[in-house]
2 protein chains.
Amino acid sequence: MSDVPPIALRNGLPPRSRNQDVIERIKTYILEKNLRPGDLLPTENELIAAIGASRTSIREAIKNLSALDIVEVRHGHGSYVGRMSMNALVESLAFRGLLSTGTDGKVMTDLVNIRQMLEQGLSPLMIETLDEVELANLRELAVRMRRLAMEGQPYVEEDRAFHIRLMNAIGNNLVSQLTEAFWQVQARVAPTLKVEPADWLRTAEAHEAIVDAIAARDLERLQHAFATHYDPIRESIAAIFESRAVSLGGAE
Amino acid sequence: MSDVPPIALRNGLPPRSRNQDVIERIKTYILEKNLRPGDLLPTENELIAAIGASRTSIREAIKNLSALDIVEVRHGHGSYVGRMSMNALVESLAFRGLLSTGTDGKVMTDLVNIRQMLEQGLSPLMIETLDEVELANLRELAVRMRRLAMEGQPYVEEDRAFHIRLMNAIGNNLVSQLTEAFWQVQARVAPTLKVEPADWLRTAEAHEAIVDAIAARDLERLQHAFATHYDPIRESIAAIFESRAVSLGGAE
DNA sequence: AGTCATTTGTACGTATGTATC
DNA sequence: GGATACATACGTACAAATGAC
């Protein structure tokens, strides 16, 4: 960006497109200026002048970057360095999940299993690091979920908070964000699944079992509790798949 | 898409932008027609007619979707349903990692730790499911890596293949793809790190230790081997951070 | 080979919507 | 409310890639 090779024909090796070119330049600009999330980027007109591309190209490049949350655009404000959240993963994976429910539901099964494996795999760390204060918070959430379930009410935010708090104990930001991303994907696809009212209660009780197992510092019990926690969802997914298989079997 | 509300002013509730509107419509189109990755999408002109938006809006929406690999565009050919790969995650996370090496390198540390935790967490499954044939393949890769390291040569593809094959044993597609994604991110950021020639040998030997531990069906040994495997990389990241801290300390 | 139609890529001009002061 | 500085949207024209004939 400091240099301004106007329409640089790139006679060199990689025959990238104009668009990829602009994307790389904006990325490089952010890296070279060592900007942080939230920092202001040049306006479109400035970028046009600096890079030497048309408004269309600049805008399409920014569109690409904003989809990845590398750039965040605020209408009438300007463009800023994005937070690089897991949003792109959520969007892509959620759509993939929705598509897969149209056939075998394999993606959602894999997703649920990965959530379980992650929590089971990090169980030793949870037992090691979760203190009594955090356990009390988790128990409060679990109790609230059971109460709501018994009243026939759904709980969403409580479930999300529970699983994220669990992972926060690990002290690894990416783990927390990945956990939240997977949760978001599941939440977005869930409405297309068959969730029985009884499942809400089972899941709520599973959360209590998880807290109990951690409090008892019992690894095997904790890992078993995680497995139990995801059983209802697995059944819901399987239910969709089977009803689909039946109707397809009848059609063939 | 079947209905053609021309410029639908959406006087209703969500004041979404034209662009988000078009994005949703294209997604809905794919879902309703139950298209699969690789299927052909309508041309830009058809979308213009069907949705009633300008070419600019259509293109910007497609740009967004192609960044998420929900749509794949081939110049002069047409647009297709994308493969919804982890590419968006890789792009976003890799850039975030590059930015973080400009300050504390926390993102890369978290990434390496997450890779280790994933492999350690799935160690029991690996021990259970990896048969002698796969073990032989893995050992061959490990031996090749050590040979290359001793000749002062780098090995990249071998390392990638090793970690992915390990995870393939789990039989969970998402796990495999996530593993590959994390590997890609690390590979893309690695050039900015300080990797000593000796590190290559240590890592290569760590791979052999992993194979040995699985062959011995020794869980503790395997988990320890994974931890050892990531030590050199952690050191490289720490090295960058410390040299940065020193120079900053001198400047302040 | 070559031309042609189709389809996406790039560019420009203009008008409109939106936020700040 | 007015003025200014943005991003957003539309329409048109031409360039470039692909495939088919």
Side-chain angles (χ1 to χ4, degrees), chain A residues 4-12 14-26 29 38-82, chain B residues 1 4-26 29-30 35 38-82:
Chain A
V4 191
I7 310 190
L9 287 182
R10 298 186 52 82
N11 299 339
R16 286 180 311 182
S17 69
R18 197 93 181 75
N19 206 291
Q20 277 301 318
D21 212 9
V22 177
I23 290 175
E24 289 307 319
R25 296 227 199 190
I26 296 178
Y29 175 86
D39 286 354
L40 185 63
L41 288 175
T43 69
E44 289 185 352
N45 281 322
E46 287 168 340
L47 287 175
I48 291 170
I51 297 183
S54 74
R55 173 174 245 98
T56 314
S57 297
I58 301 285
R59 279 185 61 77
E60 289 197 346
I62 289 181
K63 221 71 196 173
N64 187 311
L65 291 171
S66 73
L68 303 175
D69 205 6
I70 290 175
V71 166
E72 185 189 340
V73 182
R74 272 182 268 172
H75 193 160
H77 259 243
S79 298
Y80 301 80
V81 178
Chain B
M1 213 81 79
V4 190
I7 310 190
L9 287 182
R10 299 187 52 83
N11 299 339
L13 334 153
R16 287 181 309 183
S17 68
R18 198 90 180 76
N19 207 293
Q20 277 302 318
D21 213 9
V22 177
I23 291 175
E24 289 307 319
R25 296 228 200 191
I26 297 177
Y29 175 86
I30 296 174
L35 301 181
D39 286 354
L40 185 63
L41 288 174
T43 69
E44 290 182 352
N45 280 325
E46 286 168 340
L47 287 174
I48 292 170
I51 298 184
S54 73
R55 178 143 185 246
T56 313
S57 297
I58 300 285
R59 280 185 60 78
E60 289 195 346
I62 288 181
K63 219 72 197 172
N64 187 311
L65 291 171
S66 73
L68 303 175
D69 205 7
I70 290 175
V71 166
E72 186 190 338
V73 182
R74 274 182 264 173
H75 191 167
H77 210 245
S79 297
Y80 301 80
V81 178

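Chain identifiers are assigned alphabetically (A, B, ...) following the order of the sequence lines, protein sequences preceding nucleic acid strands; residue numbering begins at 1 within each chain.
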(request) Check the distance between C:dT6's P and B:Glu46's CD and give it to me in whole angstrom. (result) 12 Å
(request) Send over the distance from B:Leu47 CG to C:dG9 P, rounded to a whole Å. (result) 13 Å
(message) Measuring to OP1 and OP2 of C:dT8, would you say a side-chain N or O of B:Ser79 lies under 4.0 angstrom away?
(response) yes
(message) Using whole Å, what does the distance between atom P of nucleotide C:dA11 and atom CG of A:Asp21 come to?
(response) 10 Å
(message) In this structure, how many angstroms lie between the P atom of D:dA7 and the CD atom of A:Glu72, rounded?
(response) 14 Å
(request) Indicate for each nucleotide in nucleotides 15-21 of chain D, in 5' to 3' sequence, whether protein heavy atoms under 4.0 Å reach the base (B), only the sugar-phosphate (S), or nothing (-). (result) -BBBS--
(message) Looking at D:dC10, I'd like to know if its phosphate oxygens (OP1 or OP2) sit under 4.0 Å from a side-chain N or O belonging to B:Ser57.
(response) yes
(message) Using whole Å, what does the distance between atom C1' of nucleotide C:dT7 and atom CD1 of B:Ile48 come to?
(response) 11 Å
(request) Grab the CG-P distance between B:Asn45 and D:dC10 for me, whole Å please. (result) 15 Å
(message) Determine whether a donor-acceptor pair (one donor, one acceptor, N or O, separation below 3.5 Å) exists between the side chain of A:Thr56 and the base of C:dA11.
(response) yes
(message) Measure CG/A:Leu40 against P/C:dA19 and give the value in whole Å, please.
(response) 17 Å
(request) Identify which nucleotide among D:dC10, D:dA7, C:dC12 has an atom closest to any side-chain atom of B:Ser54, counting heavy atoms from C-beta outward. (result) D:dC10
(message) Between C1' on D:dC14 and CD on B:Glu44, what's the gap in Å once rounded to a whole number?
(response) 15 Å
(message) Could you check whether the side chain of A:Arg55 and the base of C:dG13 have a donor-acceptor pair of N or O atoms closer than 3.5 Å, going by distance alone?
(response) no
(message) Below 4.0 angstrom, which residues in residues 58-69 of chain B have at least one non-hydrogen atom near DNA chain D?
(response) none
